[in-house]
Amino acid sequence: MTTLMNTYGQRELTLTRGAGTRVWDQEGNEYLDAISGIAVCGLGHAHPSVSEAIAKQAATLLHVSNLYNIPQQQALADALCQFSGMSQVFFSNSGAEANEAALKIARKYGNDMGIACPTVIVMENSFHGRTLATLSATGNSKVQSGFSPLVEGFIRAPYNDVEAVRKIAQSHDNVVAILVEPVQGEGGVHVPDKNYLNQLREICDQEQWLLMLDEIQTGNGRTGQFFAYQHNGILPDVVTTAKGLANGAPIGACLTQGAAINVLQPGNHGSTFGGNPLACSAGLAVMQELKDHNHIARAKQLGQTLLEGFHKSLDECEHVVNIRGFGLMIGIELDKDCGQLVAQAREKGLLINVTAQNTIRLLPPLILSDEEAQTLIDSISELVKQF
Ligand SMILES: *Cc1c(COP(=O)(O)O)cnc(C)c1O
C-alpha cells in the first residue's frame with residue numbers, strides 16, 4: 001500500500017536530474033531521453049532560458065487571479081497567434097482542459113445556432129484526454145471502460161476516412177464540429193493521407209461545422225511546423241495544444257479564429273490557474289527560443305533522418321509490420337506486443353515508449369544531435385532484431 005493512487009501501475013525508474021537530451025536516475029545512471037516526458041520537453045531538460053524565466057517569475061509574482069490583467073498571458077497569446085495564424089487564445093493547465101474548452105465552444109456554437117443536441121464527430125483510435133468529456137471523445141474502449149455513463153454528443157468515424165465523414169453529413173443534421181488529431185499519437189503514430197485535413201476543412205466549410213484540431217502532441221514544432229496543419233496550408237477554427245508549449249511547466253491552450261471567435265463570452269468559461277504568470281513566462285521563453293533558433297526546421301530534418309535510418313535497418317526485419325513517422329513522431333509497429341522493450345531499452349541507457357501495445361513510439365527532443373539520432377537508430381534496431 002502506498003499513499004499514491006495506483007493510476008500509473010508500478011514505476012521502475014526514479015529520475016532526479018536532466019540536462020538537454022539526457023536524464024539521470026537516483027544511482028547516477030545516464031539515459032538518452034527519446035520520449036521527452038511524452039512530447040513535453042521538446043527543447044530538452046532544464047533548458048537554461050526556460051529555467052531562468054521560471055526562476056525570475058517565481059521570485060517576482062507566482063500567481064494572480066484572472067480577475068486581473070496578466071501581461072505574460074497577453075504576450076504568450078500574441079506570440080501563439082503570430083506563430084499559428086489563429087486569432088484568440090484561452091489558457092488552461094493541461095491538454096484535456098484545452099479540449100474541454102474546445103468542446104464547450106462547439107456546444108455553445110451549436111446552441112447559439114439553435115441546433116438541438118449539438119454533436120461532434122470524433123475518430124476511432126483517437127486520444128483526447130482523461131476528463132469525462134475528453135474520454136468520451138476518445139476512441140479507445142480501455143480509456144472509457146468503467147466510466148459510463150459517458151458524455152453524450154459524439155459520433156464516431158474511422159480515422160483518415162473522408163467518405164465516412166461525408167456520409168455522416170448526409171444522415172445527421174445536428175453535427176457542429178469535427179475534433180481530430182493531425183497525427184494520432186497515443187493511438188500508435190498513425191499519419192493520415194497528405195490532404196486529409198484539407199478535405200475535412202472543405203467539408204466543414206460546406207456544412208458550417210467547426211474544424212477542431214487536437215495538436216496537444218503534434219504542436220509546438222514537433223512535426224516540422226509550429227502546428228501540423230501548417231503543412232496543409234489551412235487554418236482550423238479551433239486548435240488545442242499543451243504538452244510542449246512550456247517545456248514542462250503545466251499549461252494548455254485553446255486557440256480560435258473565424259467562426260469560433262467570440263463564441264465564449266464573459267462568464268462562460270474560466271480557470272483559477274489557467275494562464276498564470278509562471279506558466280506563461282515559461283511558455284514565452286519557449287516561443288522566444290523557437291523564434292531565435294531553427295529548432296522547427298531541425299525537427300523536420302531529424303524526423304526524415306530517423307525515418308530513413310529505421311527503414312534502412314529494419315525494413316527486412318520479419319517482426320516489423322510498419323514504420324511510420326511525421327517529424328519527430330516515430331512509430332515502429334511490431335507483429336506482437338512489445339511492452340517489454342521499454343525495460344530492455346532502459347538497460348541500454350535509452351528511454352522509449354510503447355503505445356497501442358505493439359508500437360514503439362519515439363518523441364525525441366528537437367535538440368537531438370546527429371550522433372544521438374544515429375545512436376537511437378542503432379540501439380533500437382538492435383533491440384528489435386533480437387526481440
Ligand atoms: C496528451 C494528450 C492529451 C491529454 O493531455 P493532458 O495534458 O494529459 O490532459 C490530449 N490529446 C492528445 C492528442 C494528447 O496527446
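Whatever order the structure lists ligands and atoms in, that order sets their numbers, starting from 1. Starting from 1, each residue takes its place in the sequence as its number. On a predicted model such as this, the values are computed, not experimentally measured, just so you know.
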I'd like to know if the side chain of [X] reaches the main chain of [Y], judged simply by a donor and an acceptor atom lying under 3.5 Å from each other, with no hydrogens or angles considered.
X	Y	answer
S381	S313	no
Q230	F226	yes
Q144	L135	yes

Taking N or O atoms only and a 3.5 Å limit, does [X] qualify as a polar contact for ligand 1?
X	value
F127	yes
E97	no
A96	yes

For this session: Might you check, step by step, whether the distance between atom 9 (O) of ligand 1 and some protein heavy atom is under 4.0 Å?
Result: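 Answer yes: something from the protein, a heavy atom, is under 4.0 Å.
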Exercise. What is the ring orientation for Y196 with Y159, classed by angle as parallel under 30°, tilted 30 to 60°, or perpendicular over 60°?
Worked result: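 Geometry flag for Y159 against Y196: perpendicular rings.
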Exercise. Any idea how F227 and Y229 line up, ring-wise: parallel (<30°), tilted (30 to 60°), or perpendicular (>60°)?
Worked result: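 Parallel, since the angle between the ring planes stays under 30°.
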For this session: Measure centre to centre between the rings of H319 and F387, then say whether the value is under 6.0 Å.
Result: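 Here the rings of F387 and H319 have centres that are no less than 6.0 Å from each other.
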Report the nearest protein non-hydrogen atom to [atom]: residue, atom name, distance rounded to 0.1 Å.
atom	value
atom 5 (O) of ligand 1	G95 CA, 3.4 Å
atom 1 (C) of ligand 1	K243 NZ, 1.5 Å
atom 11 (N) of ligand 1	D214 OD2, 2.8 Å

For this session: List every atom of ligand 1 that sits less than 4.0 Å from any heavy atom of Q217, numbering the atoms from 1 in the order shown and giving each element.
Result: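 Ligand 1 atoms under the 4.0 Å threshold to Q217: 15 (O).
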Exercise. Using heavy atoms and a threshold below 4.0 Å, how should the contact between H128 and ligand 1 be classified: side chain, backbone, both, or neither?
Worked result: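 Under 4.0 Å from ligand 1, H128 contributes backbone atoms alone.
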For this session: Applying side-chain contact (heavy atoms from CB on, under 4.5 Å) between L362 and each of L368, I352, I377, N353, report the one that passes.
Result: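 Only one of L368, I352, I377, N353 forms a side-chain contact (heavy atoms from CB on, under 4.5 Å) with L362, namely I352.
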